[in-house]
Amino acid sequence: PYALSEGGWLSLALLLLVAAVCCYTGLLLQRCMDASPAVRGYPDIGALAFGRGGRLAASAFLYAELYLVAIGFLILEGDNLDKLFPGTSLSLGLRGAALVVSGKQLFVVLVALVILPTTWLRSLGVLAYVSASGVLASAVVVVCVLWTALADGVGFRARGRMLNVSGLPTALGLYTFCYCGHAIFPTLCISMKEKKRFSRVSRCALF
């Protein structure tokens, strides 16, 4: 919603474009992984294409992306939870001196502690249930927004802007963030029982 408010209604074309590009590149990634049974991730693809230098370059970009996306996720969750629970703080006593952690910093630490165990999983099959809960949460948000608009009398009177050129970079960045799962595509493909159906998963992600 924030991306839409920043870029305007016509910025939805960017969302569709990003979705189509990510779907197509996901299919290309599957072809790369099918090229050799030894390919199990981006470093292997880089090595297959460009040798040792390709492996190092692919690894550097991959780990940089994973690190930056994780940081962005923690900041996003910290901001959202701080708005939902304003004024929350935690006091820790350390040898007579109290360490107070509050606001966004507290929620960033808590979210990091909750998410950390999921990084130790070698198979993404377990995360399918977490993904399903995310879909359910999105559905609940949509129902809540519609309920607020219809039952609480807020309505749909705000029309918004058709196009805001100055807000397009922000909108594009947020739309792209929605499709930042490419980093785990190789692991996802390897974790599937029927790897040949990965193309169907990629097409479903388009919608």
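Excluded from the calculations below are hydrogen atoms, water molecules and symmetry mates; all remaining heavy atoms, backbone and side chain alike, are included.
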Spatial distance of atom OH (Y42) from atom CZ (F185) [nearest 0.5 Å]: 7.0 Å
What about L163 and W9, same hydrophobic cluster or not, with Ile/Leu/Val/Met/Phe/Trp/Tyr joined at side-chain heavy-atom distances under 4.5 Å? yes
Any residue meeting side-chain hydrogen bond (donor to acceptor under 3.5 Å, both in side chains) with S166, in chain and number order, not counting sequence neighbours: N164
Run the side-chain contact (heavy atoms from CB on, under 4.5 Å) test against L48 and tell me which residues pass, sequence neighbours left out. A35, S36, V39
Following the transitive rule for hydrophobic clusters with a side-chain heavy-atom cut-off under 4.5 Å over Ile, Leu, Val, Met, Phe, Trp and Tyr, establish whether L84 and I115 coincide in one cluster. yes
Grab the two heavy atoms, one from L168 and one from G7, that are nearest each other, plus how far apart they are. CD2-O, 3.9 Å
Give me the atom names and distance for the closest heavy-atom approach of V165 to P169. O-CD, 3.7 Å
With the 4.5 Å side-chain cut-off for hydrophobic clustering, are Y2 and I75 part of the same group? no
Please identify each residue that fulfils salt bridge (charged side-chain N to carboxylate O under 4.0 Å, His left out) with D79, with sequence neighbours left out. K104
With a 4.5 Å cut-off on side-chain heavy-atom distances among I, L, V, M, F, W and Y, is there a chain of contacts connecting M162 to L12? yes
Separation between CG (L76) and CG (L174), nearest 0.5 Å, reads 8.5 Å
Search all heavy atoms of L62 against all heavy atoms of P43 and return the closest pair with its distance. CD2-CD, 4.2 Å
Over all heavy atoms of both residues, which pair between G78 and F107 is shortest? Give the atoms and the distance, please. CA-CB, 4.0 Å
Enclosure of F177 CZ (heavy-atom neighbours >12, cutoff 6.0 Å): yes
Are S102 and L90 close enough that some pair of their side-chain heavy atoms sits under 4.5 Å apart? no
If I take atom CD from residue Q30 and atom CG from residue L28, how far apart are they, to the nearest 0.5 angstrom? 10.0 Å
Can you check side chain to side chain contact (heavy atoms under 4.5 Å, CB included) on V21 and L17, steps first, answer last? CA-CA 6 Å; V21 169; L17 178 63; 4.3 Å; yes
Are M33 and P186 packed together at the side-chain level, in the sense that at least one heavy-atom pair is separated by less than 4.5 angstrom? yes
Quick one: side-chain hydrogen bond (donor to acceptor under 3.5 Å, both in side chains) partners of T88, sequence neighbours excluded? none
Heavy-atom closest pair (L74 atom, V108 atom, distance to 0.1 Å) is O-CG2, 3.5 Å
Is there side-chain contact between Y179 and L15, with at least one heavy-atom pair below 4.5 Å? yes
Check: Y175/S11 side-chain N/O donor and acceptor closer than 3.5 Å: yes
Residue set satisfying side-chain contact (heavy atoms from CB on, under 4.5 Å) with L56, at least two apart, ordered chain then number -> R52
Return the minimal non-hydrogen interatomic distance between C32 and I45, and the atom names on each side. CB-CD1, 3.8 Å
Answer whether the closest heavy-atom distance between the side chains of L106 and L110 falls below 4.5 Å. yes
Side-chain heavy atoms under 4.5 angstrom apart, residues restricted to Ile, Leu, Val, Met, Phe, Trp, Tyr: same cluster for L10 and V18? yes
If the condition is side-chain hydrogen bond (donor to acceptor under 3.5 Å, both in side chains), which residues does D44 pass it with, not counting sequence neighbours? R55
